[in-house]
Amino acid sequence: MLCFDVDGETTALSEDLEFAKRRTLMSQCEYGPRIGVPRLLGLLKHLNVPATFFVPGYIAENHPRMVEAILDGGHEIGLHGYMHEKLAGLSEAEEEGILLHSLEILTRLTGVQPVGFRAPWFEINPWTPALLKKHDLRYCASEMGDDVPYVHENGLLEIPGQWMLEDWEQFAFNADPAWGFVPENCEKVFDLWWREFAAMHDYGCCFVLTLHPWLSGRPSRVQLLEELICAMRNKGKVWFARGSEIAGYCYSHPEARQNIDFDANPNREPVSA
Ligand SMILES: [Zn+2]
């Protein structure tokens, strides 16, 4: 599952609306929707692979033609907050308000109701799965509890990611506000992601790569992604799928999921002190 979190301007504005006056900072954020997304759409078209774009409501409202281009490419658009709000500090009512607002915007701009949700910063609250199910979302892609999709207690599907398969940790850098670390060499990043992919392939896992167009839309990183996708495809027995397709498969094949939980094993020897 290739995910593009199109945070764009909300990367800065979610920290402080006053950043709107900081032209260089904002231009770096705008690079994502304006330059990164079109370039990445070109690559996906060239390689004929589908992806899932998680787009904050604010970004969709301000870049409606980008939304159209993503849909024209045959890709899925999922929810990602309105202003990329961190959910951890919000009440359940506040979180539901943002969910409904972003759902309304994306439904209006895409003509279909989104079925997937990726929490900004990946962090959800204990009540988030219930809110998502209440408003007819089919899957959440925010937790990190397994290498294959699993179900929450209320039956909502989770497609888990992990920080290792994220580009922020590899490529993000901004002087002030201080974001990220040292931008990594693409060869190192290819090696990191390829080794994880190859091992996940052996174990039969769901490889969820999360990229931000303002970072991974830069030229050398688009070529890194091209090399990675081609290598994955050449390995064989790989399904490139949108989140909605993965959810559809998991809901219709519950037998594909086998839980191995040592703590739940009634025959397990009790641990002695
Ligand atoms: Zn994000």
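Order of listing sets the numbers, starting from 1, for every ligand and every atom in it. Given the structure is predicted, the values throughout are model-derived calculations rather than measurements. Computed from heavy atoms alone, side chains included, the values below leave out hydrogens, waters and symmetry copies.
Cation-pi geometry between Arg218 and Phe171 is not met at under 6.0 angstrom from the ring centre and within 45 degrees of the axis.
Around the Zn ion (ligand 1), the protein contributes the following N, O or S atoms under 2.8 Å, ordered by chain and number: Asp7 OD1, Asp7 OD2, His80 NE2, His84 NE2.
The CZ atom of Arg39 lies 4.0 Å from the OH atom of Tyr31; values are rounded to the nearest 0.5 Å.
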Checklist entry - So Glu15 and Trp179, side chain to side chain donor-acceptor pair (under 3.5 Å) or not? Walk me through it. => result CA-CA 12 Å; Glu15 278 189 31; Trp179 291 343; 2.8 Å; yes
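Pairs engaging residues 121-140 under the salt bridge (Lys or Arg N to Asp or Glu O under 4.0 Å) rule: Glu96-Lys134 [sequence neighbours left out].
The pair Asp5-Arg118 counts as a salt bridge, with a side-chain nitrogen and a carboxylate oxygen less than 4.0 angstrom apart.
When each of Phe173, Trp214, Trp163 is tested with Trp168 by the rule ring pair (Phe, Tyr, Trp, His ring centres under 6.0 Å), just one qualifies, namely Trp214.
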